[in-house]
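Below is one structure, written out as structure tokens, with a few remarks after it.
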Number of protein chains: 2
Amino acid sequence: MATPHRTSKSSSSSTTSGAARTYTIGELARHFGITSRTIRFYEQEGLLEPERRGQTRIYRDRERVRLKLTLRGKRLGFSLAEIREVVTLYDAMPDGDIQQLRRLMELLAEKRTEMQRRLEDIKLMQRELDDVENQCREALDTLLERH
Amino acid sequence: MATPHRTSKSSSSSTTSGAARTYTIGELARHFGITSRTIRFYEQEGLLEPERRGQTRIYRDRERVRLKLTLRGKRLGFSLAEIREVVTLYDAMPDGDIQQLRRLMELLAEKRTEMQRRLEDIKLMQRELDDVENQCREALDTLLERH
DNA sequence: GGTCAAGTTGACGTTGACGTCAAGTGAAGA
DNA sequence: TCTTCACTTGACGTCAACGTCAACTTGACC
């Protein structure tokens, strides 16, 4: 279920360090608890751009990170389009011209505001959960006291 | 556009206190920045159950609160089905039997875990936003230094 | 050389969350 | 009385985010 499954039976090889580990689509899918279909769909939507050996996709750490960010974004309720905006700008940075950089920083500020709002939402929601739970306890207590 | 529009031209009336204020579907829609269609859809999905005067729906504070909770839940990425679970159990409480209460408390615990996870997600995301922003600043600085 | 698992590309289906019409009702104001 | 406006109920359309299926290649092992 969690077999390493490198490119060949002779294992690893790569260059020198262990930093260049690659993954198959199935490995990533199992690791993140999603289907390969989903991963391909994310690629089609511009969120991932794995290399190819022939037809086969090969993923490195960069893509793994992108995928992790994507899934986290999803859990937070962002759409794939929103996630793409950030993720693609994020590594369109190298030698980036100043306009791009400024644009990215604007985007970051927006997202930051969003996150702040969501944080407030979560706190409110937690407070309400507390309230309801307390009411539950009280109700339960009085019910049990009456034997 | 924002006219009070009470039941009659003689305004308010109600009983004695101002606690029994009612709202039309349009008022609620404008207030929350959604469409009436959405509100009706939520009712159809069991999230709201307004009273009726003839055909017309009339909303009181209870429904307003429910709607607010629903929208907050949505912002946090919960599905309408999940939201319904909580919201309906929430006020199926009165005289509730012990089984129901226990079930509700289980549900609350689940949601609490969820919220905790999301909170972690948000913190991680914020940290990453910070990182990217710092990189941006550095890049921008070195670009500007070179005049 | 066969086969078997895992990967590939279409293409179409599905589900949730609404939007968008069409056709009608009820009450307030000119 | 007539108009106007907000509200109502269907019924169908749409869009995002995948699921599902069919038909195919590819590399590893027997």
Side-chain angles (χ1 to χ4, degrees), chain A residues 1-11 13 22-59 63 67 69-85 87, chain B residues 1-11 13 22-59 63 67 69-85 87:
Chain A
M1 208 193 271
T3 40
H5 188 275
R6 308 296 169 87
T7 38
S8 183
K9 63 183 170 185
S10 60
S11 89
S13 75
T22 70
Y23 311 85
T24 72
I25 195 171
E27 285 176 323
L28 283 188
R30 275 189 299 277
H31 181 257
F32 287 111
I34 58 182
T35 69
S36 329
R37 174 69 180 95
T38 302
I39 297 183
R40 282 189 216 103
F41 178 71
Y42 288 169
E43 176 180 349
Q44 179 183 320
E45 294 297 300
L47 289 162
L48 303 173
E49 23 189 59
E51 304 162 28
R52 297 282 183 134
R53 182 186 346 267
Q55 283 201 122
T56 322
R57 295 164 171 84
I58 54 185
Y59 300 84
E63 303 306 316
L67 185 48
L69 290 178
T70 300
L71 294 175
R72 184 181 299 151
K74 283 223 60 187
R75 282 201 301 272
L76 294 175
F78 290 104
S79 74
L80 294 187
E82 290 175 295
I83 297 173
R84 180 181 43 207
E85 262 193 319
V87 167
Chain B
M1 207 192 271
T3 39
H5 187 274
R6 306 296 169 86
T7 37
S8 183
K9 63 184 170 185
S10 59
S11 89
S13 77
T22 69
Y23 310 85
T24 73
I25 195 171
E27 285 175 325
L28 282 188
R30 274 187 300 276
H31 181 257
F32 287 110
I34 58 183
T35 68
S36 329
R37 174 69 180 93
T38 302
I39 296 183
R40 281 187 219 105
F41 179 71
Y42 289 170
E43 176 180 349
Q44 180 183 321
E45 295 297 301
L47 289 162
L48 304 173
E49 24 189 59
E51 303 162 28
R52 298 281 183 135
R53 181 185 348 266
Q55 284 201 121
T56 324
R57 295 161 170 86
I58 55 186
Y59 300 83
E63 303 305 315
L67 185 48
L69 289 178
T70 300
L71 294 176
R72 183 180 299 151
K74 283 224 59 186
R75 281 200 302 271
L76 294 176
F78 290 105
S79 74
L80 294 186
E82 289 176 296
I83 297 172
R84 180 180 43 207
E85 263 192 320
V87 166

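Below, chains carry the letters A, B, ... as their sequence lines are ordered, and counting in each starts from 1.
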Could you state the [atom1]-[atom2] distance from [X] to [N], rounded to the nearest angstrom?
X     : N      : atom1 : atom2 : result
A:F32 : D:dC18 : CZ    : P     : 15 Å
B:E27 : D:dA6  : CD    : C1'   : 11 Å
B:L48 : D:dT8  : CG    : P     : 12 Å
B:E51 : D:dC7  : CD    : C1'   : 17 Å
A:I25 : C:dA6  : CD1   : C1'   : 10 Å
B:R53 : C:dT25 : CZ    : C1'   : 16 Å
A:Q44 : C:dC12 : CD    : C1'   : 13 Å

Taking the nucleotide of DNA chain D with the closest heavy atom to each, which residue, B:Y59 or A:F78, is nearer the 5' end? B:Y59
Just N and O in the side chain of A:Y42: are any of them under 4.0 Å from OP1 or OP2 of D:dC18? yes
Would you say a side-chain N or O of B:T24 is under 4.0 Å from OP1 or OP2 of D:dA6? no
Taking only residues two or more places apart in sequence or in another chain, which ones pass salt bridge (charged side-chain N to carboxylate O under 4.0 Å, His left out) with B:R75? A:D121
By salt bridge (charged side-chain N to carboxylate O under 4.0 Å, His left out), which residues pair with B:E63, not counting sequence neighbours? none
Just to be sure I understand the rule, does B:T35 reach a base, reach only the sugar-phosphate, or reach nothing, if contact means heavy atoms closer than 4.0 Å? sugar-phosphate
Between the CD1 atom in A:I58 and the OG1 atom in A:T22, the distance rounded to the nearest 0.5 Å is 6.0 Å
Listed by chain and number, what are the side chain to side chain contact (heavy atoms under 4.5 Å, CB included) partners of A:L69, not counting sequence neighbours? A:V65, A:R72, B:E128
Kindly write out the residues that satisfy side chain to side chain contact (heavy atoms under 4.5 Å, CB included) with A:T56, not counting sequence neighbours, or none if the list is empty. none
Compare every heavy atom of B:T70 with every heavy atom of B:I83, then report the nearest pair and how far apart it is. CD1-O, 3.5 Å
Pairs under 3.5 Å (N/O, protein and nucleotides 9-16 of chain D):
{"unit_1": "D:dT9", "atom_1": "OP1", "unit_2": "B:R52", "atom_2": "NH1", "d": "2.9"}
{"unit_1": "D:dT9", "atom_1": "OP1", "unit_2": "B:R52", "atom_2": "NH2", "d": "2.9"}
{"unit_1": "D:dT9", "atom_1": "OP1", "unit_2": "B:R57", "atom_2": "NH2", "d": "3.4"}
{"unit_1": "D:dT9", "atom_1": "OP2", "unit_2": "B:R57", "atom_2": "NH1", "d": "2.6"}
{"unit_1": "D:dT9", "atom_1": "OP2", "unit_2": "B:R57", "atom_2": "NH2", "d": "2.5"}

When you match B:T56 and B:K74 each to their closest nucleotide on DNA chain C, which lands nearer the 5' end? B:K74
Apply side chain to side chain donor-acceptor pair (under 3.5 Å) to B:E45 and list each qualifying residue two or more places apart in sequence or on a separate chain. none
